[in-house]
Amino acid sequence: QVQLLESGGGLVQPGGSLRLSCDASGSIFTIIRMGWYRQAPGKEREMVASINSDRSTDYAGSVKGRFNIFRESAKNTLYLQMNSLKPEDTAVYYCNAVRSGDPMDYWGKGTPVTVSS
């Protein structure tokens, strides 16, 4: 089992920045991939960024060049640095973890991000 707790969401003006954090606990040593997803009102959940155990990353086209995903292993924490935020980035952001040999996906409860003037 893995527990994920997101923080760092809030209200920010267009063009601003936020850093989201995801603290992982439990059986974290077998995690092979972590990621950030988001779900806007009335829309399906979508992948924003992911990072593998070899630190390779993947980004949605809409955030590439603006968002950066990184992991601080010593703190068991995943981050999402979000820059040049746009109103269309408004959503609830969820942390996700996948473990080797485990068919389950693990999710946090989400942290809301609102980009508005």
Legend entry - Audit row: Met82, Val12, side-chain contact (heavy atoms from CB on, under 4.5 Å) steps and yes/no: CA-CA 11 Å; Met82 305 187 295; Val12 63; over 6 Å; no
Inset, instruction - Sequence neighbours left out, what pairs pass ring-ring contact (aromatic ring centres under 6.0 Å, His included) with at least one residue falling in residues 48-90? - result: Phe70-Tyr79
Legend entry - Arg66 side chain vs Ser84 backbone, donor-acceptor pair below 3.5 Å: yes
Legend entry - Heavy-atom donor-acceptor pair, Glu6 side chain to Gly110 backbone, under 3.5 Å: yes
Inset, instruction - Say whether, by atom type as modelled, one donor and one acceptor occur between the side chain of Arg55 and the main chain of Arg71 under 3.5 angstrom. - result: yes
Tabulate below the donor-acceptor pairs under 3.5 Å that side-chain atoms of residues 46-53 make, not counting sequence neighbours, or state none.
residue: Glu46; atom: OE2; partner: Arg38; partner atom: NE; Å: 2.7
residue: Glu46; atom: OE2; partner: Arg38; partner atom: NH2; Å: 3.2
residue: Asn52; atom: ND2; partner: Ser56; partner atom: OG; Å: 2.9

Legend entry - Worked verdict on Val2 versus Asp102 for side-chain contact (heavy atoms from CB on, under 4.5 Å): CA-CA 11 Å; Val2 173; Asp102 189 341; over 6 Å; no
Legend entry - Pairs flagged by ring-ring contact (aromatic ring centres under 6.0 Å, His included) wherever residues 96-117 is involved - sequence neighbours left out: Tyr37-Trp107
Legend entry - Exam field: side chain Gln39 to backbone Ala91, donor-acceptor pair closer than 3.5 Å: no
Inset, instruction - Carefully, step by step, assess Asp105 and Asn96 under the rule side-chain contact (heavy atoms from CB on, under 4.5 Å). - result: CA-CA 7 Å; Asp105 265 33; Asn96 170 267; 3.2 Å; yes
Legend entry - Side-chain (Thr90) to main-chain (Val115) donor-acceptor, under 3.5 angstrom: yes
Inset, instruction - With Ser21 as reference, evaluate Thr77, Leu5, Leu78 under the side chain to side chain contact (heavy atoms under 4.5 Å, CB included) test and give the passing residue. - result: Thr77
